[in-house]
K.L.:
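What follows is a single structure, and I will ask about it in a moment.
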Protein chains: 2
Amino acid sequence: MSDGAKDLIEAAGTAAPQGGERRRGIDRVIMLLEALLKHRAPMRVGDIAKMIGAPRSTTYEIVNSLLDAEMLENVGTEGYVYFGRSMHLFGWAYSHHNAHYRRIIETLDRLASETGETVQLCGLRGNKYVVLDCRDSPGPFRISSDVGVEVPIPWTASGRLLLGHMSEQELRDFIPPGDYTLPDGRVIAPADFFADVATSHRQGYSETAALADRFTWCMAAPIRDGHGAISKTLCFVLPIDTPEPRRNHLLDLLRERARALSLTDS
Amino acid sequence: MSDGAKDLIEAAGTAAPQGGERRRGIDRVIMLLEALLKHRAPMRVGDIAKMIGAPRSTTYEIVNSLLDAEMLENVGTEGYVYFGRSMHLFGWAYSHHNAHYRRIIETLDRLASETGETVQLCGLRGNKYVVLDCRDSPGPFRISSDVGVEVPIPWTASGRLLLGHMSEQELRDFIPPGDYTLPDGRVIAPADFFADVATSHRQGYSETAALADRFTWCMAAPIRDGHGAISKTLCFVLPIDTPEPRRNHLLDLLRERARALSLTDS
DNA sequence: ACACAATGTCTGAAATACCGGACAAACGAG
DNA sequence: CTCGTTTGTCCGGTATTTCAGACATTGTGT
């Protein structure tokens, strides 16, 4: 039986279960990979078929093609598949193709080893926030949110910075209404969020305390690209009881390093 | 099983003069990604079309689909595309989905920081050798071969270990004849190579001096999977003038760490 | 033991995704 | 400026691929 797969499949509910719609193989592939990323664990072909709303026979065909190309690989003995070695190589090529990204990774490593805290590189993916890379703090208190997991933007400090270029109307159109509801049920007032975005934009950093998680203090600083736009952020994820002097020290460090990585000032 | 992928990859490799054959979108996608990986730099759509032997109109269609999915992204002024953010996330998911791989990465980091040498994780991809991950030694002498670049197996120390389970006949069938020719024109006698493979298998490590490169001394140790098979190796890439005592020390360290990562003994 | 569900493979047939080719626009060289 | 090349887009026809369903096996639960 496929452990917790059913919940996710039904919760996903994105693809229409509607029959009779013929789709391109390429689109099936894209949906399949996204589904695997969302599920974050090997899946069986039958479950994949349900999750992406594709016929079983088609799904088998596609999965076999991707297995041959090593974009997927079998894991375990019982028909489970997950991302394959080729994906690792493609992803590595992406993250090293430009010197800028490599410098960012080095900074991430240095920040982590110097401070011992959890450091993340964050960005947007569609209208969600994602962690692009991270270095987890050692020790028992691992709060690490996984790389690639999509999170509602209003839950995050980085998200407030990444939307700094948008007008209030654009923000309204961009953020799905449900994304203002936190995991514990509290709801962020959109007006407050818009104010946060503006404040973060003005002061050049953003902090949140006990927002998405009761036990964490997050701080983010912007990395600006050649046009001055903020496409990525550096971010500390601290235990909420971190003393204020240390928080201030870490914030200064974070802002300095992020500024050093930026390709434009201001 | 679909026989497609290998043929397609080969076609992509040596350029494809073949015209008039209609192919599936999925296969085009696979060829496209392999072509990008081989080229190791952003490409224009027209060049991609030539490289994978696809009609321009089809290539545009596919590229646009992949751009929408962020599997590719535009880079540079305009017209150039390379791997996109989604690939990074898929690849990250691949390399972290199992605890074993994570332990390997940690070992890689530790070996690199403890010794200051270049460390690599190596494996096979089809009938070629590839670096799966690496930590480059600091300093001016960067000999780093890039992750994902395919290299003839006989050029490498790791390759001798990775083929340890094969009979001489299997080796003969597996290695393309041209792969015995080194970059500087020298040719390795197949008989010598087969003997090397056997020796490496027996002693549980492999070393090469000034083989693929006049200035490097390579040493590799096997990581065994649950069935005792060798699917990956740890590897040091040293300057060739590294003193023998230090080489011996590093070899012992490498073998010890590789053994600790193996899921079976012997 | 049974019934029931899921897996992996095949098949025929219809919908359509891919192809070849044409087109305007942009570029570069001489 | 003019010519030749490349880029990005569009279109209609047809060779292909996706789809639905059936099948033999294997797995699961009571």
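Note that these values count all heavy atoms, side chains included, but never hydrogens, waters or copies made by symmetry.
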K.L.:
Of A:Ile26 and B:Arg44, whose closest DNA chain D nucleotide lies nearer the 5' terminus?
P.N.:
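Per heavy-atom nearest nucleotide, the more 5' residue is B:Arg44.
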
K.L.:
Which value, rounded to the nearest 0.5 Å, describes the distance between A:Tyr60 atom OH and A:Ile48 atom CD1?
P.N.:
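If we round to the nearest 0.5 Å, A:Tyr60:OH and A:Ile48:CD1 are 9.5 Å apart.
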
K.L.:
Return no unless some side-chain N or O of A:Thr58 is found under 4.0 Å from OP1 or OP2 of D:dT18.
P.N.:
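It does not, given that no N or O in the side chain of A:Thr58 lies less than 4.0 Å from OP1 or OP2 of D:dT18.
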
K.L.:
Using the rule given for side chain to side chain contact (heavy atoms under 4.5 Å, CB included), can you reason through B:Asn98 versus B:Tyr101, listing the C-alpha separation, both sets of side-chain angles and the distance that settles it, and then say yes or no?
P.N.:
CA-CA 6 Å; B:Asn98 71 30; B:Tyr101 205 105; 3.1 Å; yes

K.L.:
Output the rounded distance in Å from CZ (B:Arg23) to C1' (D:dT16).
P.N.:
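My rounded result for the distance is 13 Å.
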
K.L.:
Using whole Å, what does the distance between atom P of nucleotide C:dT16 and atom CD of B:Glu61 come to?
P.N.:
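After rounding, the reported distance stands at 14 Å.
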
K.L.:
So does B:Arg22 reach the base of C:dA17 with its side chain, donor to acceptor, closer than 3.5 Å?
P.N.:
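Present.
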
K.L.:
Between the protein and nucleotides 25-27 of chain C, list every N/O to N/O distance that falls short of 3.5 Å.
P.N.:
none

K.L.:
How many whole angstroms separate atom CE of A:Met51 from atom C1' of C:dA6?
P.N.:
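It works out to 19 Å between those atoms.
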
K.L.:
Please give, in whole Å, the distance from C:dC18 P to B:Ile52 CD1?
P.N.:
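Rounded to the whole Å, the gap is 12 Å.
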
K.L.:
Side chain to side chain contact (heavy atoms under 4.5 Å, CB included) between A:Asp179 and A:Ile153: does it pass, once the steps are laid out?
P.N.:
CA-CA 7 Å; A:Asp179 283 8; A:Ile153 296 173; 5.8 Å; no

K.L.:
Could you check if a side-chain atom of B:Val197 sits within less than 4.5 angstrom of a side-chain atom of B:Ser200, using non-hydrogen atoms only?
P.N.:
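A side-chain contact is absent here, since even the closest heavy-atom pair is not under 4.5 Å.
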
K.L.:
Please determine whether a side-chain nitrogen or oxygen atom of B:Arg24 lies at a distance below 4.0 Å from atom OP1 or OP2 of D:dT18.
P.N.:
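Yes, B:Arg24 has a side-chain N/O under 4.0 Å of OP1/OP2 on D:dT18.
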
K.L.:
List the steps and the verdict of side chain to side chain contact (heavy atoms under 4.5 Å, CB included) for A:Val130 and A:Val147.
P.N.:
CA-CA 7 Å; A:Val130 292; A:Val147 163; over 6 Å; no

K.L.:
For A:His201, look at atom NE2 and say whether over 12 heavy atoms of other residues, nucleotides or ligands are found less than 6.0 Å away.
P.N.:
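Not buried by this count: 12 neighbours or fewer within 6.0 Å.
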
K.L.:
Are there any protein N/O atoms within less than 3.5 Å of an N/O atom in nucleotides 8-11 of chain D, and if so, which ones and at what distance?
P.N.:
from  : atom 1 : to      : atom 2 : distance (Å)
D:dG8 : OP2    : B:Tyr60 : OH     : 2.7
D:dG8 : N7     : B:Arg56 : NH1    : 3.2
D:dG8 : O6     : B:Arg56 : NH2    : 2.9

K.L.:
Would you mind reading off the distance between A:Asp27 atom CG and D:dC19 atom P, rounded to a whole angstrom?
P.N.:
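Nearest whole value for this atom pair: 10 Å.
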
K.L.:
What I want to check is whether the side chains of A:Thr58 and A:Arg23 have a donor and an acceptor closer together than 3.5 Å.
P.N.:
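No, A:Arg23 and A:Thr58 have no side-chain donor paired with an acceptor closer than 3.5 Å.
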
K.L.:
Test side-chain hydrogen bond (donor to acceptor under 3.5 Å, both in side chains) on A:Arg28 and A:Thr59; report intermediate values, then the result.
P.N.:
CA-CA 8 Å; A:Arg28 297 288 192 198; A:Thr59 309; over 6 Å; no

K.L.:
In terms of side-chain geometry, is the basic nitrogen of B:Arg125 or B:Glu150 positioned less than 4.0 Å from the acidic oxygen of its partner?
P.N.:
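Counted as a salt bridge, because a side-chain N and a carboxylate O are separated by less than 4.0 Å.
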
K.L.:
Return the value, rounded to whole Å, for the distance between atom CZ of A:Arg28 and atom C1' of D:dT17.
P.N.:
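Rounding to the nearest Å, CZ of A:Arg28 and C1' of D:dT17 are 12 Å apart.
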
